[in-house]
Amino acid sequence: MHYFIEVILPIALPQTFTYKVSEAEFDFIQIGVRVAVPFGKSKFYTALVAEKHHNPPTLYEAKEIHQIIDEKPVVNDNQLEHWKWIATYYMCAIGEVYRTALPSALLLESETIISAKKEILITDDFSDDEYLLVEALQQQTSLKISEITSILNKKKVFPIIQQLLEKNIISLQEEMVEGYKPKLIRYIRLFPEFNFPDKLEELLTLLKRSEKQKELLLSYFQLNASQRKPISVKELTEYSNVSSAVVKSLIDKEIFEEYYIQHDRVSFDEVEENQLNLNKAQSEALSAIQTVFEEKEVCLLHGVTASGKTEVYIKLIESFLAQEKQILYLLPEIALTTQLVARLTKHFGNKVAVFHSKYSNNERVEVWKQVLNNSEKAQIVIGARSALFLPFQDLGLIVVDEEHEATFKQVDPAPRYHARDAAIVLANFHKAKVVLGSATPSIETYFNAQTGKYGWVELHERFGNAVLPEIKLVDLKDSYFRKKMTGHFSQTLIDEMTEALSNGEQIILFQNRRGYAPVIECMTCGHIPQCPQCDVSLTYHKFKNQLRCHYCGHSIAKPTHCHACSSIDLTSKGFGTEQIELELTELFPTRNIKRMDQDTTRGKYAFEKLIDSFKNREIDILVGTQMLAKGLDFDNVSLVGILNADSMLYFPDFRAFERSYQMMTQVSGRAGRSDKKGKVIIQTYNTAHNTIQQVTNNDYAGMYKEQLYERKIYNYPPYFKLIKLTLKHKDYEKLKEGSIWLYQVLKQQFDIPVLGPEEPPVSKIRNEYIRTILIKIPQEKPLGSTKKTIQKILNSFDAISQYRSIKIVINVDVN
Ligand code: ADP
Ligand code: ZN
Ligand code: ZN
């Protein structure tokens, strides 16, 4: 009898691979464990066991595995099923899903680079191998796993590396240095066995020798009796007037245990209100959602900005916690987690874990294991889209907050999945429920709610006394004509800003473009400097005095004369955040002005730092791109200005109006969150534009109706599914020929709309030319078999030798 396992490799090949194992190994190995396997000439990978069987492969001789890495599965059946669904639906390799799903520390391969962390203290529990390796790392700053293999003179090095990773001695190359740690507050509580009032006596006798310790303990019991909330070390030492050294001795005696809660750096001084009471609208929404869940899996919570959706989620989470289920809370943006973690830990303490790609490898592996073991510490997981891949054992609820956000869709690399949609499928495997929340739902989701596929619950009013902001339009054409503009600011906006500032209120300004001015243009010949590698104009960045490509990063110093005609008469055209910031410093020289865009938020916690100081009211005016539009909660912003609404509206995309509506409504939603009515000023050349009017009147339904009509007429979602094929090659002619061939075959094969091959607006990036083909699949067509046919055609394309070098990216549900 032969014994084989079928494994998934973390590479972009469609199939699984067969390896040979011994009978003993076969018995030991469970589906979902990792094994190290050789692949190709000299590589080895961390593979995942997907199947066990007795059938030798027909096309190749099965190799033996290097070794088994796990005793118990690190991936479960639901995950494997979910990965298969993602691979099939989004037309990618299951290995690509595997590669995205696992934290890279669990995916060591021969190319992984390892380096030592700071000073290493060698302790007794080091094995010989560990010792050897650490020594080598002290001589050489980094090592490849293949080098480690030869240093240790053995093949089986993964477990040793894993141990050292767990000991926090080494790190993987890609990790970033953490500059800014979220603020952690140290709390104290009694060890569980002492946590009863009648234990006090016993403890006091235990401590009879130390007056200070007794005093501290008494204070703790007093505090604990008078309030139902966690007690911080700071609070306890202040209350008892006893130094923190005494606290430490009680921790050493294992009477107290310490724990940490990550705090919002701002809300820290506020009184913590542990008891959450929903208002009438919220409680009704909550019970409506619960009713929906009796017969449907998914419910849309459509609530205006600041209606208190988060509080409704919290109550929902409570009910699932009571059933000891796991809960996943998905956010569109890593940067939003800090605020949310602070809000959720208030209610759920250390049952909350955070998982996202900016976390270090160790932190990610830790959360992975907690979720795998169904540990209480990770009963609620907050994360960006990759948290979807955690090894949930018993998922009860998934919250997808700000479900309309485009960042839920992964663009590169494959799998190009939509986290909202993949979450709904995952929930299905677990028989879990999903709540999708938004003030401005995506057209698709709203459609599903309208047609009864999802439940639909609304919150019409803001929480408390807050009302929706008043929106005023400023006609730019008129303002320029009457010379009522200072730079890009209308007099109306300046007046409103002046008033808000004099009231001590803060302002958010929205400009959907970064940089100073998009382009530099020659006044003599009209030449605009282009990126030599991409088909775009270079963007002017004043601070660095550079022209930069936003696609490939290419930059040149700002030219002093035109490259085409040598004229020195150059001018800037269009405007970005940087220029707005500069104009502001002239308009309001005494005010603190900051800019938030991709350029100012590159560092790991740069975004959080900006948000923190804005919340702390250290910044008067914040200028930013769409980053500002995402679910942030500020209580002192009374004015929001949108400098130019038109650039969004005319973006060449079928979602342009939907997105513009969402963006403007969301940014507006940052205004007037407390009891003062906020104001929004929208500057535009098109005051009568339907979308602008819909934003002004808070008319989501009108926007939906209009857009849905357009989608139907022009064959777009939700009526048609879109698959975009992007072809790339350095040779223009070859690409053109190949894309026409592909287009024609697709066209012949299908009686559905196939469009293209088109040169996209940016038709060359990094010296590669680009063509796109768009396939539109109507609702009534079988999706699965259509995709299979497309895949077949792509395979035959790949079999044509002169086209093989053309890269094809498949994007299902492109958005
Ligand atoms: P949304 O997510 O709908 O935009 P939030 O959940 O951020 O709204 O709520 C807006 C504000 O109102 C927040 O500051 C929140 O703390 C407060 N809030 C909402 N509901 C309650 C409640 N039931 N009790 C106390 N505060 C609430
Ligand atoms: Zn010129
Ligand atoms: Zn470029």
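In listed order, ligands and their atoms are each counted from 1. A quick note: this is a predicted structure, and the numbers were derived from the prediction, not measured.
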- Hey, is ligand 1 close enough to T305 that some N/O pair sits below 3.5 Å? no

- Qualifying residue, where the test is side-chain contact (heavy atoms from CB on, under 4.5 Å) with I471 and the options are T665, V695, N697, I642: V695

- Please calculate the SG(C522)-the Zn ion (ligand 2)-SG(C525) angle and round it to 10 degrees. 110°

- When you look for heavy atoms under 4.0 Å from ligand 1, do you find them on the side chain of N277, its backbone, both, or neither? backbone

- What does the angle at the Zn ion (ligand 3) come to, between atom SG of C531 and atom SG of C549, rounded to 10°? 110°

- Task: Could you name the option among Q282, E311, K309, K346 that has the heavy atom nearest to atom 16 (O) of ligand 1?
- Result: E311

- Ligand-side contact atoms (ligand 1) for residue partner L276, heavy atom cut-off under 4.0 Å: 22 (C), 23 (N), 24 (N)

- Task: For S307 and ligand 1, answer yes if some heavy atom of the residue is under 4.0 Å from a ligand atom, otherwise no.
- Result: yes

- Query: Does the side chain of E402 reach to within under 4.5 Å of the side chain of L331, using non-hydrogen atoms?
  - Reply: no

- Message: Donor-acceptor check, side chain of E403 to backbone of P441, threshold 3.5 angstrom: yes or no?
- Response: no

- Is E758 salt-bridged to R771, going by a charged N under 4.0 Å from an acidic O? no

- Polar atom proximity, G308 to ligand 1 (N or O, under 3.5 Å): yes

- From the candidates R462, R670, R343, the one that places a heavy atom nearest atom 7 (O) of ligand 1: R343

- Message: Side chain or backbone, does A306 bring an N or O within less than 3.5 Å of an N or O on ligand 1?
- Response: yes

- Task: Indicate yes or no: does K315 engage E311 in a salt bridge with an N to O separation below 4.0 Å.
- Result: no

- Task: Taking only heavy atoms of L278 into account, list the atoms of ligand 1 that are under 4.0 Å away from them.
- Result: 23 (N)

- Checking Q410 side chain against P413 main chain: does a donor-acceptor pair fall under 3.5 Å? yes

- Item | Test item, V304 contacting ligand 1 (heavy atom, 4.0 angstrom) | yes

- Message: Looking at R655 and E444, is there a salt bridge between them, counting it only when a charged N and a carboxylate O are closer than 4.0 Å?
- Response: yes

